[in-house]
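Just below is one structure, and these are the notes that go with it.
In listed order, ligands and their atoms are each counted from 1. This chain uses plain numbering: 1 for the first residue, then up along the sequence.
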Amino acid sequence: MTIPFIIAIDGPAASGKGTLSRRLAEAFELPHLDTGLTYRAVAHALLESGQPLNDEDTAVEAAKAIDLGALDPAVLAVHTIGEAASKVAVMSRVRSTLVEQQRKFANSGRGAVLDGRDIGTVVCPNAQVKLYVTASPEVRAERRWKEVQERGILKGMDASFETILSDIRLRDERDMGRADSPLKPAEDAHLLDTSKMDIETAFQTALSIVKSSKPE
Ligand code: C5P
């Protein structure tokens with residue numbers, strides 16, 4: 001049996017990792033899982049049923065009920081769910097429940113592209129290629145701000161550049177500072193700083209890194 005070809009992509013919020021992951025998945029004809037959506041789905045389920053975000057037993061039950069095939073980015077993309085997801089994501093048993101499902105997804109076919117915060121370090125430490133995509137907080141806030149103008153994903157909240165920047169800093173702190181699976185590059189990850197790149201340049205750079213790691 002051939003070993004699945006797994007591309008692990010990590011990085012902070014609004015680094016461009018989502019777009020890169022989708023495009024790499026297309027280029028290599030592999031299924032793609034945005035693992036952020038799994039944490040968002042747990043947060044969404046808790047918010048919808050009026051449950052607290054910090055009760056681990058309830059959150060684990062919600063995590064067990066997640067269907068990876070039914071994650072709806074249109075519903076889960078809203079800002080408040082992202083915030084709530086990063087709170088839910090500090091609980092170890094929630095993480096291990098979701099990680100188990102993410103690993104199954106990664107290993108069930110001829111390969112996959114997964115993006116998140118801990119793919120190269122925890123979910124798929126044996127991935128054939130790992131990318132750590134980053135950009136300065138200012139550049140990420142600027143991209144998010146433009147996206148908000150176009151798509152209105154911050155419905156109902158103050159969407160000034162300053163608010164977005166301070167949110168990005170807060171989220172970085174929470175994701176990098178948590179005890180379980182903090183956001184950090186795997187030792188063998190390729191670092192891709194997209195601060196000065198447009199998406200096409202970032203994609204071409206990522207593509208050549210992946211091609212050079214792919215067995216023929
Ligand atoms: O990437 P996205 O913004 O959708 O992720 C939402 C939150 O889910 C992140 O801020 C992070 O706290 C959490 N997350 C995580 N591990 C992952 C993916 C997301 O902790 N692999």
Quick one: does R40's side chain have a donor or acceptor within less than 3.5 Å of a partner on L76's backbone?
yes
Report yes or no: do Y132 and V122 belong to one cluster of Ile/Leu/Val/Met/Phe/Trp/Tyr joined by side chain heavy-atom distances under 4.5 Å?
no
Below 4.0 Å from any atom of ligand 1, which residues have a heavy atom? Give them in chain and number order, please.
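Under the 4.0 Å cut-off, ligand 1 touches K17, T35, G36, Y39, R40, A85, S86, A89, R95, G116, R117, D118, R171, D175, R178.
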Kindly compute the distance separating CD1 (I164) from CZ (R140), expressed to the nearest 0.5 Å.
12.5 Å
For T38 and T35, run side chain to side chain donor-acceptor pair (under 3.5 Å): C-alpha distance rounded to whole Å, both residues' side-chain angles, the deciding distance at 0.1 Å, then the answer.
CA-CA 5 Å; T38 65; T35 61; 5.4 Å; no
Are side-chain N/O atoms of T201 and D198 paired as donor and acceptor at under 3.5 Å?
yes
Could you tell me if T19 and R143 have a donor-acceptor pair between their side chains, going purely by distance under 3.5 Å?
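Side-chain D/A pair, R143 to T19: absent.
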